[in-house]
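Presented below is the structure to which this report refers.
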Amino acid sequence: MKRFNCQVCEQTIYFENTQCLSCKSALGYVPEEKTLMAFHQGENDLTGLSDQKKFRRCRNGITYSACNWMVESDSKHDYCFACRFNRTIPNLSVSKNIEHWKILESSKRRLIYSLLEFGLPLSNKHEDPEGGLEFEFLKDTHERIMANEPVMTGHLDGTITLNIAEADDAERERRRLKLKEDFRTVLGHFRHEIGHYYWLLLIQNTGRFDSFRKMFGDENLNYQNAMNRYYQHGANDSWRQSFISGYASSHPWEDFAESWGHYFTIIDTLETSIQFGVKFSDNDEHLDPYHCSSFQKMLDQWLPLTNSINNINRSVGRPDLYPFILTPRVVEKLVFIHDLVQEHRS
Ligand SMILES: [Zn+2]
Ligand SMILES: [Zn+2]
Ligand SMILES: [Zn+2]
């Protein structure tokens with residue numbers, strides 16, 4: 001994530017902010033300009049301080065304070081670029097739903113930020129019903145649970161479903177422990193599921209099966225059996241040699257999605273650290289992770305960075321922030337993802 005500064009007072013502002021805490025200017029993210037802008041508050045519109053263009057807040061921002069992205073005033077859309085991917089949101093009259101939904105929306109915008117920075121093909125299902133992307137944010141209901149049909153987080157033909165229970169810290173942690181995972185975050189879910197979507201677009205639709213199978217294995221392996229085996233017996237003891245997570249070892253599709261999501265974590269976190277002036281050598285400040293063609297160059301920064309943040313976490317008495325091991329086999333997979341993203345960026 002880039003570092004943003006208020007255009008009025010220079011204060012560092014966060015991607016999620018709607019107002020500058022220092023000078024009180026209205027703030028909003030303009031995806032077309034890839035920037036968090038400061039605005040003059042007009043009667044009906046907000047006027048950009050840098051270019052005098054007029055904007056409105058996304059309807060989810062106006063109605064629920066659930067979005068800080070902007071729409072140009074003359075646009076036919078009520079919702080911002082990111083919110084136009086929503087197909088279903090939970091029933092907001094049910095208590096806690098709005099709180100949990102906002103957490104999902106916030107992570108979703110970080111995901112869309114990354115996709116726009118990479119310049120990957122991206123359209124919503126209104127524009128492209130066949131190949132587009134959409135999100136369903138669903139809550140388990142009493143009926144669903146009684147029928148043994150809980151909401152499953154997953155991807156199918158461009159529809160990403162997320163169970164909003166994942167936004168509840170206690171529930172997500174309970175699931176993490178039950179599944180013996182090292183890492184489970186809402187943002188991680190988005191980065192993983194979008195990997196399945198791009199597998200469809202960039203591997204299946206381009207017929208790139210040979211190179212995919214060489215790296216991740218044959219995806220024709222029966223998926224349901226693989227899942228049953230994984231949830232019954234867990235990952236093989238030696239999974240760390242070849243996989244970024246235990247779950248990645250369950251099936252080639254999951255290996256791809258886990259590697260894809262991890263690649264996003266590396267690039268975005270590296271961008272944040274560089275933007276905030278963390279450096280390990282004199283060349284660091286020129287590195288732009290979203291546009292860097294060499295994965296090795298990024299790895300040269302990433303390894304000392306994760307090593308230091310893990311030790312910082314231990315010093316304050318917290319578990320490692322980055323509980324992963326990048327073995328040569330895992331790095332090969334990340335390079336595969338890197339090359340794929342580089343090839344398909346516009
Ligand atoms: Zn300010
Ligand atoms: Zn929005
Ligand atoms: Zn998956």
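The residues of the chain are indexed from 1 along the displayed sequence. Whatever order the structure lists them in is the order used to number ligands and atoms, beginning at 1.
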Is Y14 close to L21 at the side-chain level, that is, under 4.5 Å between some pair of heavy atoms?
-> no
Are side-chain heavy atoms of K125 and R87 found at a separation under 4.5 Å?
->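 No, their side chains stay 4.5 Å or more apart.
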For the Zn ion (ligand 3), the nearest N/O/S atom on E254 is atom OE1
Taking the N/O/S atoms of H192 one by one, which is nearest to the Zn ion (ligand 3)?
->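 This residue's closest N, O or S atom turns out to be NE2.
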Matching residue for W199 among W260, F212, F216, F336 - test: ring-ring contact (aromatic ring centres under 6.0 Å, His included) | F212
Identified ring-ring contact (aromatic ring centres under 6.0 Å, His included) partner of W302 from the options F324, Y322, Y263 =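 With W302 as partner, ring-ring contact (aromatic ring centres under 6.0 Å, His included) holds for just one option, Y322.
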Under a 4.0 Å N-O cut-off, is there an ion pair linking E105 with K102?
-> no
Is there an N/O/S atom in E193 at a distance below 2.8 Å from the Zn ion (ligand 3)?
->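 No - counting backbone and side chain alike, E193 has no N, O or S atom under 2.8 Å.
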Is the Zn ion (ligand 3) less than 2.8 Å from at least one N/O/S atom of H196?
-> yes
Vertex the Zn ion (ligand 1), rays to SG in C6 and SG in C9 - rounded to 10° =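 Reported to 10°, the angle equals 110°.
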To the nearest 10 degrees, could you say what angle the Zn ion (ligand 2) makes with SG of C58 and SG of C67?
-> 110°
